[in-house]
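Convention: sequence-line order gives letters A, B, ...; per-chain numbering from 1. These figures come from a predicted structure and were not determined experimentally.
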Protein chains: 2
Amino acid sequence: MAEPRKRARPGRAPGPSGRTSRPRQAEVARLAGVSQATVSLVLGGKKQGAAISAETRQKVLDAALSLGYVPDPAARRLAAARNDLLGVFSFTATFPTDVQHSYYPFLVGVEQEAAARGYDLVLFTGSSSGGAGAAGPDALSRVRLADGCLFLGRHAPTKELRRLVEDGFPAVHVGRRDEPEGLAWVGADYVSASHEVVTRLAALGHRRIVLVREDDDAPASTDRERGFLEGLEGAGLPAGPDSVFRTADPAGTLSPERLRAWLDAGVTALVAEETDTGCPWRALRSAVDEAGLDCPGELSLALLGSPPADLAAEPVPTGFDIPRPQLGAAAVRLLAALVAGEEADEPLVACPFRAGATAGPAPHRA
Amino acid sequence: MAEPRKRARPGRAPGPSGRTSRPRQAEVARLAGVSQATVSLVLGGKKQGAAISAETRQKVLDAALSLGYVPDPAARRLAAARNDLLGVFSFTATFPTDVQHSYYPFLVGVEQEAAARGYDLVLFTGSSSGGAGAAGPDALSRVRLADGCLFLGRHAPTKELRRLVEDGFPAVHVGRRDEPEGLAWVGADYVSASHEVVTRLAALGHRRIVLVREDDDAPASTDRERGFLEGLEGAGLPAGPDSVFRTADPAGTLSPERLRAWLDAGVTALVAEETDTGCPWRALRSAVDEAGLDCPGELSLALLGSPPADLAAEPVPTGFDIPRPQLGAAAVRLLAALVAGEEADEPLVACPFRAGATAGPAPHRA
DNA sequence: AGTGCTCGTTAATGCGCATTAGTAATACGC
DNA sequence: GCGTATTACTAATGCGCATTAACGAGCACT
């Protein structure tokens with residue numbers, strides 16, 4: 001018969017201090033003079049079925065408190081229960097040094113909502129699974145430690161996500177996503193919001209409006225373009241193929257000359273999409289400055305999203321705000337529902353219009 | 001002889017799809033014609049001791065691949081008696097809406113270092129343990145589910161922290177801290193950095209320098225004051241009790257008149273400490289503006305810390321930078337050492353001097 | 001007194017994996 | 001030809017918890 005081995009256990013203070021390891025249910029049970037099963041029933045027991053006398057319950061609670069007992073999340077999980085942990089997985093560092101595309105605003109909402117529902121958050125990182133980036137095919141599977149997981153970032157590996165979804169693991173992507181079929185997501189309603197921006201511009205008298213977007217087919221870009229085009233249509237404006245300008249190399253091609261050309265062609269308003277990097281908007285602003293154009297006067301500008309932090313001030317861009325905290329909160333709500341086995345869905349969050357100061361009445365045609 | 005019950009297992013695909021649950025090592029073993037233990041050895045085996053023939057190893061790997069086996073992290077962690085989780089506990093929301101005192105810069109370092117060491121992060125929040133704020137007396141107990149925990153924020157409850165420390169739970173506070181004796185911490189070397197700032201000012205010819213600080217006896221404030229006084233002493237300057245000005249209500253008492261009075265008394269440089277709120281510096285700046293003083297010309301200003309994000313630009317304050325990411329990383333290193341049972345300590349992180357543009361040579365006395 | 005309850009508690013079991021003692025098989029030495 | 005290494009693998013065990021069958025005690029009826 002193998003003797004119980006003594007493994008080195010982390011969490012146990014080193015020898016001299018004489019301290020013991022984290023308490024287990026067994027120790028609580030001993031102290032309370034009951035069995036381990038009883039402890040489990042008392043502590044785990046939000047449930048009804050439990051028939052525990054008030055006296056016993058109290059003894060157990062006291063013992064647990066005095067020992068500072070806290071259940072082991074892994075064991076809880078393994079025993080087919082929940083551990084009240086929600087994962088957050090980003091496909092880049094969650095806290096990038098480059099303050100640009102950070103998930104901070106989402107996390108504000110995520111934290112609040114999770115806290116309100118009694119969940120703690122586990123931050124997983126793409127890179128942490130090996131430092132060398134892509135890691136194994138199980139990079140994502142670490143999230144299974146939690147009851148469910150939120151996914152942030154554009155470049156989620158579809159294949160591995162599909163696996164999680166197929167296994168019925170509760171997963172929610174922040175941002176619209178078609179790829180792994182069946183993956184739940186919450187997203188901002190870019191279509192409606194973009195539509196509205198165009199409608200407002202049209203109401204200001206603009207007849208020729210051009211969308212500047214990145215040359216990337218992320219859903220976020222597609223949605224904005226769709227809303228933009230629908231907006232044009234709704235306003236009875238022509239929507240030719242040259243209504244949309246794609247910038248492969250934004251800084252290079254979006255030149256002051258380009259701007260002049262548009263103006264000459266009758267364009268009076270430019271709409272840029274917001275992205276991680278803020279490239280289109282940045283390029284637009286600098287081109288306008290270089291060309292020496294008067295922004296609300298000669299040319300109206302709008303931004304389909306929130307401006308990057310570093311140029312949020314001064315002329316507040318006309319456009320719409322992405323309610324990121326609300327998005328984060330909505331994601332947590334959805335995830336919590338999935339974890340609970342419910343079938344909730346609340347995919348779209350509305351983006352309020354932001355008046356700003358970069359759009360004005362269309363200038364009278366020469 | 002209890003019959004194996006069939007529990008509803010999360011992570012198992014629901015019935016109709018006909019999917020079977022994801023494979024276990026046992027299935028891989030069956031397919032490869034070996035035992036579960038062998039599978040574990042092959043798959044888990046970064047270790048040396050394992051004696052596995054190349055042929056068997058390959059069979060197992062093939063089988064695992066063909067079944068798409070991924071290990072269950074919960075089981076892995078349970079069996080390994082470690083969960084590779086480090087806690088992060090803030091005494092306010094970790095992601096405050098108020099962008100002022102955010103822990104973001106720390107988290108950058110914390111995430112990086114934790115990732116590099118293969119730890120995931122559990123985010124606890126003061127409020128998450130009950131919604132209604134203070135929660136039970138065991139609010140802090142939750143952190144025990146991690147292997148160790150980082151504490152952020154000024155207002156950590158000493159009593160509960162003491163409990164954790166006494167139990168040998170690995171805990172590290174970010175920021176110097178005496179209170180619960182034995183609590184490990186990492187902090188910025190405010191003393192040396194403040195000392196240096198004063199030395200530099202003295203080198204510029206300033207003879208009378210006043211420190212503006214909050215009326216709070218946090219270690220961070222105390223340290224700066226100490227460094228400030230030592231700096232004066234080192235430069236052979238007088239350090240009377242009126243060298244330090246405490247602002248109970250900063251905006252109110254730090255008036256332009258106050259400034260004038262200092263100037264009249266021969267003060268040529270003011271040094272403000274940095275705090276969560278940035279109050280002292282903010283008050284100082286606005287008083288100087290109101291008084292219509294020429295900053296580097298008539299009066300030199302220095303900030304003992306990094307400026308708040310919203311007024312980081314324009315005249316970059318002379319002073320020192322707090323290397324928060326490095327602090328976060330150092331905290332994780334220390335915590336990891338404690339978890340491993342080592343006795344490492346690396347408490348102080350140096351703060352580099354920032355030349356800035358708010359300090360210049362002392363004006364010639366009239 | 002015996003039968004049928006309900007109530008409170010415990011013993012037993014397994015989740016999926018890592019670990020170690022142990023066994024079978026082959027190689028080596030004299 | 002028999003002990004001793006060495007190699008390649010398997011059986012058995014437990015991590016900490018949730019779950020459930022089973023059990024003893026008390027009580028109300030026949």
Using the side-chain heavy atoms of B/A37, tell me which of these nucleotides is nearest: D/dA8, C/dT19, D/dG16.
C/dT19
B/E113 bridged to B/R117 by N-O distance under 4.0 Å:
yes
For A/E342, does the CD atom have more than 12 heavy-atom neighbours from other residues, nucleotides or ligands under 6.0 Å away?
yes
Which one, C/dC17, C/dG14, D/dA8, comes nearest to the side chain of B/T56?
D/dA8
Looking for any heavy atom pair under 4.0 Å, which part of the strands does A/V34 touch: base, sugar-phosphate only, or nothing?
sugar-phosphate
Given D/dC9, is OP1 or OP2 found less than 4.0 Å from the side-chain N or O atoms of B/S53?
yes
Rounded to whole angstrom units, what separation is found between the CD atom of B/Q25 and the P atom of C/dC17?
5 Å
Rounding to an integer number of Å, can you tell me how far A/L41 CG sits from C/dG8 C1'?
10 Å
Against the side chain of B/S35, the closest entry in D/dC17, D/dT10, C/dT9 is D/dT10
Rounding to a whole Å, what distance do you find between A/D84:CG and D/dC17:P?
14 Å
Indicate yes or no: does A/R77 engage B/D72 in a salt bridge with an N to O separation below 4.0 Å.
no
Atom pair distance, as rounded to whole Å: CG in B/L145 and P in D/dC15:
20 Å
Categorize A/S40 for me: base, sugar-phosphate, or nothing, with a 4.0 angstrom heavy-atom threshold over every strand shown.
base
Sidechain N-carboxylate O distance under 4.0 Å for A/R142, B/D84:
no
Check: A/D120 side chain, A/L85 main-chain N or O, donor-acceptor pair, under 3.5 Å:
no
By nearest nucleotide on DNA chain C, pick out whichever of A/Q36 and A/E55 is the more 5' one.
A/E55
Whole angstrom value for the distance that separates C1' of D/dT6 from CD1 of B/I52:
15 Å
May I have the distance from A/R30 (atom CZ) to C/dT10 (atom P), rounded to whole angstrom?
14 Å
Respond yes when some side-chain nitrogen or oxygen of B/R76 is under 4.0 Å from OP1 or OP2 of C/dA18, and no when none is.
yes
Of the candidate nucleotides D/dG14, D/dT10, D/dC17, which contains the atom at the shortest distance from the side chain of A/P71?
D/dC17
Please report the distance, rounded to the nearest Å, between CG in B/L43 and P in C/dT19.
13 Å
Out of C/dA18, D/dC9, C/dG14, whichever nucleotide has its closest atom nearest the side chain of A/A79:
C/dG14
Length of the line joining A/D72:CG and D/dA18:C1', which is rounded to integer Å:
13 Å
Using a 4.0 Å heavy-atom cut-off across all strands, classify B/T38 as base, sugar-phosphate, or nothing.
base
